[in-house]
Amino acid sequence: MGCFTFIKVMMILFNLVIFLSGGTLLGVGIWVKVDGESFVDIFGALSSSILQVVNVGYLFIVIGAILLVIGFLGCYGAQKESKCLLMMFFSVVLIIFIAEVAAAVLALVFTGLAETLLTGLVTPLLKEKYGPDPDFTKIWNITMTEVHCCGLNNYTDFNNSYYYETHGSYPEQCCDMKKPCNSTLAAQLAVEGCFNQILKEIRTNAAVAGGVAAGIAALEIAAMAVSMYLYCRLDEK
């Protein structure tokens, strides 16, 4: 029974960490939704821009809630030696694992479809918000400057946009910061869109991203294996 006890304790400690991490994320998510101004004051102007693009509060709440459920099922199930909770823990982790694998396959197979969907969603926002919306403009300026890209696909994303109609030119990033950034210079320099540039960065760092993904998958498989081990051993007690 020594091995069983050791694995049980490790299961409890591991899921306790997950539970506490989930609680922390949930708390931060609620804080962002309730008092976003203080969050921006602490983490700076960039956080304000990020909040405009991604609803960080809801994202943290969802991830935190999932981690809380997983941590509770694993920790309490192991501590109480409950077959029902251990099976629920196994099922939840299995569902998440399958969803991650499916998402990875879809990302590899349907990259072109993702680009089409993003173009349909992001390009209209660029035309409408780049310029009049300070936060939206700031986050895109930071992205285009750091990644050395222009728009989502290329400079044509800004055709008939508020910015072009107001300034009579494209953003400077579309011409390698050269002025005036007109259609002739933008076409000549052919600065790539941010979508392609980010894809290149991901492919360049594929080993790191793959290593992280493999590590998460290994943890999930190990967690499922341990929960099944405890589940089966309970029949022998």
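In this chain, residues are counted from 1 in sequence order. No hydrogens, no waters, no symmetry mates; every other heavy atom, side chains included, goes into these values.
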Linking I/L/V/M/F/W/Y whenever any side-chain heavy atoms sit under 4.5 Å apart, do [X] and [Y] land together?
| X | Y | answer |
| --- | --- | --- |
| Y130 | V191 | no |
| L13 | V93 | yes |
| M10 | F90 | yes |
| Y229 | I12 | no |
| L86 | I95 | no |

Could you go through the side-chain contact (heavy atoms from CB on, under 4.5 Å) check for Q173 and C149 one step at a time?
CA-CA 7 Å; Q173 293 90 337; C149 59; over 6 Å; no
Which value, rounded to the nearest 0.5 Å, describes the distance between [X] atom [atom1] and [Y] atom [atom2]?
| X | Y | atom1 | atom2 | value |
| --- | --- | --- | --- | --- |
| L94 | I96 | CG | CD1 | 10.0 Å |
| E165 | N159 | CD | CG | 9.5 Å |
| I66 | I18 | CD1 | CD1 | 12.5 Å |
| L20 | N15 | CG | CG | 11.0 Å |
| F158 | T123 | CZ | OG1 | 9.0 Å |
| D157 | L152 | CG | CG | 6.0 Å |

Between L73 and V69, is there a side-chain heavy-atom distance shorter than 4.5 Å?
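They are in contact (side-chain heavy atoms under 4.5 Å apart), so the answer is yes.
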Side-chain heavy-atom pair M11, F6 within 4.5 angstrom cut-off
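Not touching, per the 4.5 Å side-chain cut-off.
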Identify, with sequence neighbours excluded, every residue that meets salt bridge (Lys or Arg N to Asp or Glu O under 4.0 Å) alongside E220.
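For E220, no residue satisfies salt bridge (Lys or Arg N to Asp or Glu O under 4.0 Å) once neighbours in sequence are set aside.
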Counting neighbours of CE on M224 that are heavy atoms of other residues, nucleotides or ligands and sit closer than 6.0 Å, is the number greater than 12?
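Yes, because the 6.0 Å sphere around CE of M224 holds more than 12 heavy atoms from other groups.
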Under 3.5 Å donor-acceptor, K8 side chain and L230 backbone
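Not a single qualifying donor-acceptor pair exists.
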Apply side-chain contact (heavy atoms from CB on, under 4.5 Å) to the pair M228 and M87, showing each step before the final yes or no.
CA-CA 8 Å; M228 276 296 96; M87 180 54 71; 3.6 Å; yes
Closest contact, heavy atoms only, Y163 versus P171
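Where Y163 meets P171 most closely, the heavy atoms are CE2-N, 3.5 Å.
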For residues T137 and K129, report the shortest heavy-atom separation together with the two atoms involved.
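Closest pair (atom of T137, atom of K129, distance): OG1-O, 3.6 Å.
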Under the rule for side chain to side chain donor-acceptor pair (under 3.5 Å), what residues qualify as partners of [X], not counting sequence neighbours?
| X | result |
| --- | --- |
| Y162 | none |
| Y164 | none |
| T156 | N154 |

Less than 3.5 Å apart, which donor and acceptor atoms pair up between the side chains of residues 174-189 and the rest of the protein, not counting sequence neighbours?
| unit_1 | atom_1 | unit_2 | atom_2 | d |
| --- | --- | --- | --- | --- |
| K179 | NZ | E172 | OE2 | 3.2 |
| N182 | OD1 | T184 | N | 3.2 |
| N182 | OD1 | L185 | N | 2.9 |

When you take the SG atom of each Cys, C150 and C194, is the space between them under 2.5 Å?
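No, no disulfide: SG-SG not under 2.5 Å.
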Between F136 and W140, what is the ring plane arrangement, given parallel below 30°, perpendicular above 60°, and tilted in between?
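Judged by the thresholds at 30° and 60°, the geometry between F136 and W140 is tilted.
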How would you list, by chain and number, every residue that makes a ring pair (Phe, Tyr, Trp, His ring centres under 6.0 Å) with F72, sequence neighbours excluded?
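Per chain and number, F72 pairs via ring pair (Phe, Tyr, Trp, His ring centres under 6.0 Å) with Y76.
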